[in-house]
Amino acid sequence: MRFFRSIAQFFDVQRRWPWIALALLLKFSGVLFFLLYNRDTAGSRHIALEHGDTFSYLDPIENWISTGSYTPDLRMPGYGIVYWLLRLFTDPLIARDLLVLAQLLLAAIAVYLGARVAHHINGRPIAFVIMFIVLAISPYMSTLESRLCTESFCTSALIFLCWALIQWRHDRRESWLLLAGGLIAWAVFLRPPSAITLLVFGCMILFEQGRSWRARSIALGIFILPFAITDGAWTLR
């Protein structure tokens with residue numbers, strides 16, 4: 001009994017690192033499976049798999065680095081900006097591999113935070129465990145996390161967004177609200193249909209019960225500020 005009690009304490013939902021380590025292990029296993037399954041596509045030296053539209057996210061960054069021109073101008077640069085940061089320190093092939101590893105790491109953290117969101121909503125540890133398992137072993141997400149596409153980052157960003165809003169409602173620190181706004185801005189720049197989430201959460205903030213209209217309006221303004229700035233700059237550009 002002492003052994004099982006120790007295991008339960010080790011995997012208490014409040015202890016993030018054991019759960020994140022487990023999520024990383026499960027995510028890595030899933031990604032590794034799809035990399036081996038697609039080894040003919042990936043080759044023997046690199047891990048990143050291309051998607052059908054990978055070029056439309058990464059080629060503009062390469063052109064921007066070499067010529068100063070963001071072309072072909074087909075996509076918003078939510079994915080490309082991460083690639084650009086990696087390209088500051090390494091060559092294109094290594095940067096692509098690091099991009100996949102970054103997707104894997106963020107996805108593992110998102111598994112834990114998504115499970116915490118479920119636990120917060122339901123109030124029971126079983127909700128945490130079920131959501132953790134669903135997010136950690138999803139084969140659909142594992143195959144996308146092994147590829148150079150926006151789905152993995154966007155999913156992680158939306159989960160982080162939910163967690164940030166829960167933290168804001170808990171302690172009312174504006175930094176959480178600003179972080180949530182930055183995450184939804186990134187999600188929209190990754191996949192523009194995510195803008196519907198901005199509308200949904202914006203309405204939830206604006207019509208929240210128990211707060212004055214002025215307080216809710218200020219909170220909404222802080223939430224949409226990152227998107228307003230980034231999208232305004234992109235539109236002007």
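Heavy atoms only: backbone and side chains are in, while hydrogens, waters and symmetry mates are out.
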Return yes if some donor-acceptor pair links the side-chain N/O of T197 with the main-chain N/O of S194 below 3.5 Å, else return no. yes

Should the heavy atoms of other residues, nucleotides or ligands under 6.0 Å from CD of E174 be counted, would the total exceed 12? no

Take W213 and L206 through the side-chain contact (heavy atoms from CB on, under 4.5 Å) test and state the conclusion after the steps. CA-CA 8 Å; W213 178 256; L206 186 61; 3.8 Å; yes

Apply side-chain contact (heavy atoms from CB on, under 4.5 Å) to residues I184 and F201 and explain how you reach the verdict. CA-CA 10 Å; I184 189 57; F201 284 115; 5.8 Å; no

Determine whether M204 and L165 fall in the same hydrophobic cluster, where Ile, Leu, Val, Met, Phe, Trp and Tyr are linked whenever their side-chain heavy atoms lie under 4.5 Å apart. yes

Ionic contact status for R172 with E208, cut-off 4.0 Å: yes

Identify whether L178 and F189 are in the same connected component of the hydrophobic contact network (ILVMFWY, side-chain heavy atoms under 4.5 Å). yes

T90 side, atom OG1; D97 side, atom CG - distance, nearest 0.5 Å: 9.0 Å

Once rounded to the nearest 0.5 Å, what's the spacing between atom CG of L179 and atom CG of L161? 8.5 Å

Does a salt bridge link D91 with R96, judged by any charged N lying under 4.0 Å from a carboxylate O? no

R173 backbone acceptor or donor facing Q167 side chain under 3.5 Å: no

For S56 versus L74, what's the shortest heavy-atom pair and its separation? CB-CD1, 4.1 Å

Rounded to the nearest 0.5 Å, how far apart are CG of D53 and CG of L58? 9.5 Å

Going by ring-ring contact (aromatic ring centres under 6.0 Å, His included), name the pairs with one or both residues in residues 64-84, residues two or more places apart or in two chains. Y57-Y79, W64-W84, Y70-W234, Y79-F153

Counting only heavy atoms not in R211, do more than 12 fall under 6.0 Å of its CZ? yes

If you take all heavy atoms of A107 and S152, which pair is closest and at what distance? CB-OG, 4.4 Å

Apply the test side-chain contact (heavy atoms from CB on, under 4.5 Å) to residues W17 and I20: give CA-CA distance (whole Å), side-chain angles for both, the deciding distance (0.1 Å), then the verdict. CA-CA 5 Å; W17 296 117; I20 291 177; 4.1 Å; yes

Any carboxylate oxygen within less than 4.0 angstrom of a Lys/Arg side-chain nitrogen, looking at E145 and K27? yes

Report the C-alpha separation of W168 and F223 in whole Å, then their side-chain angles, then the decisive distance to 0.1 Å, and conclude whether the ring pair (Phe, Tyr, Trp, His ring centres under 6.0 Å) test is met. CA-CA 11 Å; W168 169 72; F223 177 64; 8.6 Å; no

Indicate yes or no for a side-chain donor-acceptor contact from R147 to the backbone of E50 under 3.5 Å, with no hydrogens or angles considered. yes

Distance-only, no hydrogens or angles: does the T54 side chain make a donor-acceptor pair with backbone N or O of L148 under 3.5 Å? yes

CZ of R16: more than 12 outside heavy atoms within 6.0 angstrom? no

SG-CZ distance between C154 and R191, expressed to the nearest 0.5 angstrom: 6.5 Å

Is it the case that over 12 heavy atoms from other parts of the model lie below 6.0 angstrom from the CZ atom of R214? no

L158/W186 under side-chain contact (heavy atoms from CB on, under 4.5 Å): CA gap, chis, key distance, verdict: CA-CA 9 Å; L158 292 175; W186 186 36; over 6 Å; no

Report yes or no: does T67 contribute a side-chain atom to a donor-acceptor pair with the main-chain N or O of N63 at less than 3.5 Å? yes

Locate the shortest heavy-atom distance separating A219 from L177; write the atom from each residue and the value. O-CD2, 3.1 Å

Report the distance from atom CD1 of I205 to atom CD1 of I218, rounding to the nearest 0.5 Å. 13.0 Å

How close do A136 and L26 get, heavy atom to heavy atom, and via which atoms? CB-CD1, 3.7 Å

Of all the heavy-atom pairs spanning H51 and L144, show the shortest one and how long it is. CE1-CD2, 4.3 Å

Nearest non-hydrogen partners of I159 and A110, listed with the distance: CG2-O, 3.4 Å

Consider only side-chain heavy atoms of I, L, V, M, F, W and Y, link residues closer than 4.5 Å, and tell whether L32 and L25 are in one cluster. no

Can you tell me how far apart CE (M76) and OG1 (T230) are? Round to the nearest 0.5 Å. 7.5 Å

Using side chain to side chain contact (heavy atoms under 4.5 Å, CB included) as the criterion, point out the one residue from L49, I47, L104, L101 that pairs with V31. L104

